Amino acid sequence: MEKIKVLNLYACLGGNRYKWDEVAKNANIELEVTAVELDPFAAKLYQERFPNDTVIVGDAHQYLLDNYKDFGFIWSSPPCPTHSRFNISMKNTRKMQYADMKLYQEIILLENFYEGKYCIENVIPYYKPLIPAQKVGRHLFWSNFKIPAIKTHDAKIR
């Protein structure tokens, strides 16, 4: 059985993590997951849900920069509020913020220096994406492999 070290960045409660073990088992792969989450309470809840994962409370963006070479697969889902189309509807009612460029910093780092497989997920932004991505449903994926369509009941989301 192949063993893959996985880095799960911005892990929050682990919503993206639920099906990983099932998929890995079907592919005869064993996962060794390290999750990074800034919020200690969210990290505690993640650890309760996934007791076999290593959970690190810290800055996911910096952790990636310091440790990307140590993993065979990297999943990153940076915070999306500054990229969300919701900003357009709120432009006259709240103070605007710059789009958080950590998203693009991570894409550039992994595209150019990382040798394993990776996937960075975020919402479809209110602006034209600065780096082309794969669209699936309401999300964009920057990855060095093809992201499959999502099958929900009889519908196929692309």
Side-chain angles (χ1 to χ4, degrees), residues 1-84 98-125 127 129-152 156-158:
M1 180 176 283
E2 180 183 5
K3 188 175 192 174
I4 297 178
K5 290 180 68 175
V6 177
L7 179 58
N8 184 8
L9 298 168
Y10 310 94
C12 196
L13 304 177
N16 66 304
R17 169 77 173 86
Y18 278 102
K19 294 283 186 177
W20 291 8
D21 292 321
E22 180 183 329
V23 171
K25 182 179 178 182
N26 290 338
N28 201 28
I29 295 170
E30 180 184 347
L31 301 179
E32 180 183 320
V33 179
T34 298
V36 184
E37 172 52 46
L38 187 60
D39 180 88
F41 184 68
K44 180 181 180 291
L45 294 175
Y46 179 102
Q47 187 73 79
E48 289 173 5
R49 288 179 172 95
F50 305 100
N52 295 325
D53 291 5
T54 299
V55 179
I56 295 170
V57 176
D59 181 342
H61 191 65
Q62 187 63 48
Y63 192 89
L64 173 64
L65 185 61
D66 295 340
N67 299 282
Y68 70 93
K69 291 180 182 178
D70 298 334
F71 295 89
F73 180 79
I74 296 174
W75 172 274
S76 181
S77 188
C80 64
T82 65
H83 301 281
S84 172
Y98 286 114
D100 186 339
M101 290 295 111
K102 289 178 183 174
L103 169 68
Y104 292 103
Q105 291 174 342
E106 292 182 10
I107 296 165
I108 291 167
L109 173 77
L110 295 177
E111 262 186 8
N112 291 281
F113 300 102
Y114 181 60
E115 295 179 10
K117 297 286 186 193
Y118 68 87
C119 183
I120 300 172
E121 175 273 335
N122 214 283
V123 296
I124 296 173
Y127 54 86
L130 304 178
I131 299 173
Q134 300 174 61
K135 179 183 178 235
V136 179
R138 298 177 302 147
H139 297 267
L140 293 183
F141 295 86
W142 293 266
S143 177
N144 59 356
F145 60 92
K146 177 91 168 112
I147 303 295
I150 299 170
K151 292 180 183 175
T152 60
K156 190 175 185 181
I157 299 173
R158 192 37 132 171

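Count residues from 1 along the sequence. From a predicted model like this one, the values you see are computed outputs, not experimental measurements.
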Residue pair Gln62 / Asp66, side-chain donor-acceptor N/O under 3.5 Å: yes
Compare every heavy atom of Val36 with every heavy atom of Gly58, then report the nearest pair and how far apart it is. O-CG1, 3.6 Å
Does some side-chain heavy atom of Leu64 sit less than 4.5 Å from a side-chain heavy atom of Leu110? yes
With distance as the sole test, does Asn122 use its side chain to make a donor-acceptor pair with the main-chain N or O of Phe141 at under 3.5 Å? no
Please report the C-alpha distance between Leu9 and Trp75 in whole Å, then the side-chain angles of each, then the deciding distance to 0.1 Å, and finally whether the side chain to side chain contact (heavy atoms under 4.5 Å, CB included) criterion is met. CA-CA 6 Å; Leu9 298 168; Trp75 172 274; over 6 Å; no
Mind running side chain to side chain contact (heavy atoms under 4.5 Å, CB included) on Ile124 and His139 for me, showing each step along the way? CA-CA 5 Å; Ile124 296 173; His139 297 267; 5.8 Å; no
Rounded to the nearest 0.5 angstrom, the CG-SG distance for Asp39 and Cys12 is 7.5 Å
Please examine the side chains of Val6 and Thr34, heavy atoms only from C-beta on, and report whether any two atoms are closer than 4.5 Å. no
So, do Arg138 and Val123 sit near enough that their side-chain heavy atoms are less than 4.5 Å apart? no
Contact summary for Ser76 and Tyr10, nearest pair of heavy atoms: OG-CE1, 3.4 Å
Atom CD1 in Ile120, atom CD1 in Ile107: separation rounded to 0.5 Å? 5.0 Å
Heavy atoms of Gln47 and Asp53 approach each other most closely as NE2-O, 3.0 Å
Is Asp100 reaching over with its side chain to a backbone N or O of Pro79, donor-acceptor style, under 3.5 angstrom? no
Are side-chain heavy atoms of Pro78 and His61 found at a separation under 4.5 Å? no
Between the main-chain N or O of Ile131 and the side-chain N or O of Trp142, is there a donor-acceptor pair closer than 3.5 Å? yes
Give the intermediate values and the outcome of side chain to side chain contact (heavy atoms under 4.5 Å, CB included) for residues Asn8 and Tyr46. CA-CA 11 Å; Asn8 184 8; Tyr46 179 102; 3.5 Å; yes
Shortest non-hydrogen contact from Ala133 to Leu140? CB-CB, 3.9 Å
Report the distance from atom NZ of Lys117 to atom CG of Asn144, rounding to the nearest 0.5 Å. 5.0 Å
Any donor-acceptor pair under 3.5 Å linking the side chain of Tyr104 with the backbone of Leu130? yes
Can a salt bridge be assigned to the pair Glu106 and Lys102 using a cut-off of 4.0 Å between side-chain N and carboxylate O? no
How long is the gap from CD1 on Ile4 to CH2 on Trp20, to the nearest 0.5 Å? 11.5 Å
Are side-chain heavy atoms of Cys119 and Phe145 found at a separation under 4.5 Å? yes
Sidechain-backbone polar pair: Glu37 side chain, Ala42 backbone, donor-acceptor under 3.5 Å: no
Please round to the nearest 0.5 Å and tell me the distance separating atom CD1 of Ile74 and atom NZ of Lys69. 11.5 Å
Under 3.5 Å, side chain of Asn67 to main-chain N/O of Asp70, donor-acceptor pair present? no
Under a 4.0 Å threshold between the charged nitrogen and the carboxylate oxygen, would Lys25 count as salt-bridged to Glu22? no
Electrostatic pair Asp21-Arg17, nearest N-O below 4.0 angstrom: yes
Looking at Phe73, is its backbone amide N or carbonyl O close enough to the side chain of Tyr114 to form a donor-acceptor pair, meaning the two atoms are under 3.5 Å apart? yes
From CA spacing to verdict: side chain to side chain contact (heavy atoms under 4.5 Å, CB included), Tyr63, Leu7: CA-CA 10 Å; Tyr63 192 89; Leu7 179 58; 3.6 Å; yes
Tyr18 ring center within less than 6.0 Å of Phe50 ring center: yes
Atom CD of Glu30 and atom CD of Glu2: how far apart are they, to the nearest 0.5 Å? 10.5 Å
